Structures are given as C-alpha cells and as structure tokens.
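To start, the structure itself, in structure tokens.
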There are 2 protein chains.
Amino acid sequence: MKYKILEKPECEKAYELVEEALRKRATIILFACCRVEYEGRALSQLNWGERIILIKPDGSFLIHQDKKVEPVNWQPPKSRTRCYLKGDRLMLESHRRTPKELLSVEVRHIQFINYANVEDYEELEQAGYEKDMSDMIMKRPHIIEEGFTPKTREYAVEHGFIDILGKDSDGNLMILELKARKAGVNAVKQLKRYLQDMENTDNAYLKECKVQKKKIRGLLVAPSIMDDALELSEEEGIEFVSVEPPRELKRDKKITLDAF
Amino acid sequence: MKYKILEKPECEKAYELVEEALRKRATIILFACCRVEYEGRALSQLNWGERIILIKPDGSFLIHQDKKVEPVNWQPPKSRTRCYLKGDRLMLESHRRTPKELLSVEVRHIQFINYANVEDYEELEQAGYEKDMSDMIMKRPHIIEEGFTPKTREYAVEHGFIDILGKDSDGNLMILELKARKAGVNAVKQLKRYLQDMENTDNAYLKECKVQKKKIRGLLVAPSIMDDALELSEEEGIEFVSVEPPRELKRDKKITLDAF
DNA sequence: TATTACATATCGTAA
DNA sequence: TTACGATGTGTAATA
C-alpha cells in the first residue's frame, strides 16, 4: 500500500506530495492553517484558521473545522482537484462543471500531510427501512391483519406507486402505504390520492370490486403516527396499523471477524 | 498548541494517546483499519477496512471511507466518546442519549494517529439565501415592481408564514413567496394555500381589501421556475417574478490577509 | 427539550 | 441529464 506522511513540510514539499497523491489517485489528509473561498450554488468565505482537509480519490473534497458533523466547505464526488504554488503558499482548487462550482483553498503552516491508497472493499449494511418493512409484510402478511393477502408491490397509479396492494379475508381491496418512521399528514394525503386514483382509473381491481360489491380500504402502515395525521386519517376513513420496521441484518452479510 | 502524532503505534500506545486527547478536548485524526457497528435510529454494520476517523472536541464523531462527501457512520455533536482496550484491539465508542444511539468501532492496524487543539476562531460567511433575498427586497422593493411597498415579513397564516406581505401602487394586497433557487410546483401550491388562508381567515388586510374593493395578488419570487410550476401558476392566477438572490458578502467581514 | 423549515443539503433511482 | 424521494438527513431558529 502506498503511504506517505510529512510533518511540518515546506509548502513546496507539500505541493510535490499533493501532486504525487493526485496522480496516484490516493486519499489525502491535510492538517493545516488555511483560508477558503467558495462560489457556486452559494457564495462563502472562511478566514484563516486550522482545519482538516480531506481529498478523496472519487473527487470529494472536504474541509472540516473542529465542530459539527458537516464540513464547513466541500465539493461532491467527480469534482476535479488541482494544486499549485502561489508565492510560498500552497493552493488547492476543486472544480465542478454542472452546476459550476469552485472551491479555493490557500494553505500555510501545514502541521502534517498524508496520502495513502485506502484499502476498503466493504459497503455499509443497513436495516430498518421501508424496503425491509415491505419485505417483512410480503413474507408475513398476518402482521397487518389475519387473512390479509398481498397481491402486488409498487403498483403504478396516476400519482405514484402503491407500496402494497392486496385483499382482506372478505375479498375487499387493500391499499397499503408504508412509512419506516412516524407518519405525518403527508402520508395520509398521499394515501388518499392513491385511493382516489384507484377509484377513478379504469383497472381490473376496480372492476372486480364493483362486480363483487367489495370495498377499497386504505391502510397507513408505520411505527407511529402524528396526532394531526391520525385525525385526518379518521376523517378520510383511512386505517392506521402500527408496524415497527425490522431491525435485523441479513444473515449472509453478518460480520466475519477475519475478513481482513 | 498541543500537537502529537504517532505512526503505526501499537494499540496500547494508541489507547494512551486517545485517552490523553479526550482529556484535553483535542481533535483526533485516526487512519486505521477498523470495523464499525451502529445502533440507534437505524442499525448498521461495516466490515473491516481502512477508514479515516475524526473525533472533534464538540463530541462529533466521523468515519470516512474513500468515497462520498458523507461519512459512512457518524455521531452528532454532544455525543460522549470513550475508548478502551479489548485484547490487543483499540475500541472506540460514541454514545448519544436522545435519541439513544451507539457507535462502536473496533480498531487495528493503525497507520497513524494524531491529536491537536485546533486553533480556529473563524465562522463561515455566506450569501445567496432566501433571507438575503428577503432583506434585499425589503430594502429595494422596486425589484419586484415599481410602486411595490412591503408591509410585513413572516406574516402568520394557517398553513405557515407569508414571506413578504405588501401592496402595489393601486393598493392591491401582494403576497410574496420567495425561493432562493428554481421554484417547483410545491412553491406554487404553497403560495396557493397562503392565498386561500388570506381569503378565508378574518384579518385586517382582508377587511381592507373588501372595503376598498381591491384584489389579492400572489407572486412567486425566484431566480427561475420549472415548466410545470409556471403552467400551474398561470392556471392559478399566480404571477412569477424572476429575482436573483444577492451574491455579496458583508463588507465588514471581508477577508483580511494578515489575521493569523 | 421538542418542533419546524432550510440546505452549496447528499445520494439513490428511475425516466 | 434531470427529477423525485428518502435520509440515522444535519443545523439553526423557535416555542
């Protein structure tokens, strides 16, 4: 693994290292006193101070102060980084085409500069999302109610996609709208639109309902619901079912301690 | 300024350094192979790989892979960091109370670890926001149209706050909805709601309009507008006025090159 | 402490 | 490329 570190280098030395790192598509960490200007979607400037600068091989460019999770300035992946010397100062620039954005950093008093080809082949495994909820309900439909039979997922209607379409034990059509977190009024409104879409558009399900004189039920499925959303759902004849999103990671992706 | 750096330290040495840094409320930069688990608002795991770990004195905890602007895992400011040894491994934990969240990092093969008391007393100066637009329009109302007189900002109605309320040269009431970027259909819908609120609620402005037989005009103010939003605004009788957000930084905060 | 709205939101996905 | 929605959104302002 390529790896280099320099402590308190002259700007010229640092410049050479940054050039080398950019050529080798390495990840650069720089801890230095710098001044920053940004112009693009917004406009900003940041006066002299010590910050941590991170330049990633995908073009991401981050400047972190000693507070907050978010970088004080940044550029997204695919930005083009270049560096040059301006007198005895190291200049770093990150440029983006669309939208046009330029981040310009003037550097002095470098505490250290490091570059490395980071070896990381892992992706984050997550659980607890709407997709997982959907998977769980398809697998164990009784979670919604006894006799519920899911038919289709992502059923296209005029205003979007119905998360899950199914039938209850009496043959009534059920339209499920899933939310992985607390449902708000927007979720109710969305479901209402889907119900209207279903009733106003010509489709096999609607025909069947009319022929067999069945109802169309709207169900909002979420771990919890806002008070105003509950009120609205009751007015609109929409049912709320409390379901927690699953909190288990897929087995085949469990951690193997000796992967590295 | 307190500053230390160790290259390829044993975990025990690293542990001592992290303890010291946490005590001194320093900023820690760690480049190492690690494994991460997170449980809280969601649940995630990340198998062994090299990452950059940043621990800030405000409690922020970031883990960066060599891609993307966003950290792969993190904890927000005010989280509590602790570290301990588990066999020959360095363990880092970051804990948050509300909501309850735990980030757990197992570390080995440390490339380097650095801590420093970052000297940074500057805050980012920005321009180009809705607020700046609002300020500009209040100061120079003719930008909207000749004879426009702003009356109130942030006027409360049922569905939110009207950005700017004013009158035109004929005494008609004007409701302005500002967007610092390209306006979409949502902006038009929002403005429509405000117009309805204004017409349906008992208030001094409405009374005056009725008595003097004046109109209520809705104006969407943004640098540009989406096609569908323009179409909708025309249907709804809403006017669109193109205004660029101001792009000037405050003068008294201009950069002085010898501040440091 | 909880809620709300904005952001250079970022990031994924689908058209 | 653009548009749209989800996010462990983060963050500041506000109640």
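Please read all numbers here as calculations on a predicted model, not as lab measurements.
When the C1' atom of dA7(C) is taken as reference, atom CG of N73(A) falls 14 Å away, rounded to whole Å. As a whole-Å value, the separation of Q75(B) CD from dG10(D) C1' is 13 Å. As a whole-Å value, the separation of D163(B) CG from dA5(C) C1' is 11 Å. At whole-Å resolution of the value, CG in L43(B) and P in dT7(D) are 15 Å apart. Note: CG (L54(B)) to C1' (dG10(D)) measures 16 Å, nearest angstrom. Atom C1' of nucleotide dC6(C) and atom CE of M133(B) are separated by 14 Å, given to the nearest angstrom. One atom, CD of E244(A), and another, C1' of dG8(D), lie 15 Å apart when rounded to the nearest Å. Here dG10(D) presents its P atom at 13 Å from CG of L103(B), a figure rounded to the nearest Å.
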Q.
I'd like to know whether H64(B) forms a side-chain hydrogen bond (donor to acceptor under 3.5 Å, both in side chains) with K56(A), so could you lay out the CA-CA distance, the side-chain angles of the two residues, the decisive distance to 0.1 Å, and finally the verdict.
A. CA-CA 10 Å; H64(B) 272 279; K56(A) 301 188 183 186; 2.8 Å; yes

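The six-membered or imidazole ring of Y205(B) lies near that of Y155(B), with a centre-to-centre distance under 6.0 Å.
Where DNA chain D pairs in unbroken runs of 3 or more (Watson-Crick or G-U, both distances under 3.5 Å), the stems are C:1-7 with D:9-15, C:9-15 with D:1-7.
No engagement by E39(A) is indicated, since no non-hydrogen atom pair under 4.0 Å with the nucleic acid exists. Here K179(A) lies in heavy-atom contact (under 4.0 Å) with sugar-phosphate atoms only.
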Q) Which parts of nucleotides 9-15 of chain C does protein reach within less than 4.0 Å, heavy atoms only, written one letter per nucleotide 5' to 3' as B for base, S for sugar-phosphate only and - for none? A) SSSS---

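Scanning for salt bridge (charged side-chain N to carboxylate O under 4.0 Å, His left out) contacts around K67(A) gives an empty result, with sequence neighbours left out. Considering only residues two or more places apart in sequence or on other chains, E199(B) meets the salt bridge (charged side-chain N to carboxylate O under 4.0 Å, His left out) condition with none of them. The side-chain contact (heavy atoms from CB on, under 4.5 Å) test applied to D135(B) returns K131(B), R153(B), not counting sequence neighbours.
Q75(A) and Y38(A) are not linked by any side-chain donor-acceptor pair at a separation below 3.5 angstrom, with hydrogens and angles left out of the test.
Of the two residues near DNA chain D, S60(B) and Y38(B), the one whose nearest nucleotide lies more 5' is Y38(B).
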Please write out each protein N/O paired with an N/O of nucleotides 13-15 of chain D under 3.5 Å, distance rounded to 0.1 Å.
none

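Test R80(A), K86(A), R82(A) against E93(A) for salt bridge (charged side-chain N to carboxylate O under 4.0 Å, His left out) and you get one pass: R82(A).
Residue-environment remark: CD (E154(A)) exceeds the threshold of 12 foreign heavy atoms within 6.0 Å.
For the residue pair K68(B) and D58(A), the shortest heavy atom distance occurs at N-OD2, 2.7 Å.
With a 4.5 Å cut-off on side-chain heavy atoms, V118(A) and R51(B) do not count as touching. At least one side-chain heavy atom of V157(A) sits less than 4.5 Å from a side-chain heavy atom of M198(A). The side-chain heavy atoms of W74(A) and L103(A), taken from C-beta on, include no pair separated by under 4.5 Å.
Taking the P atoms as reference points, dG8(D) lies 22 Å from dC6(C), given to the whole Å.
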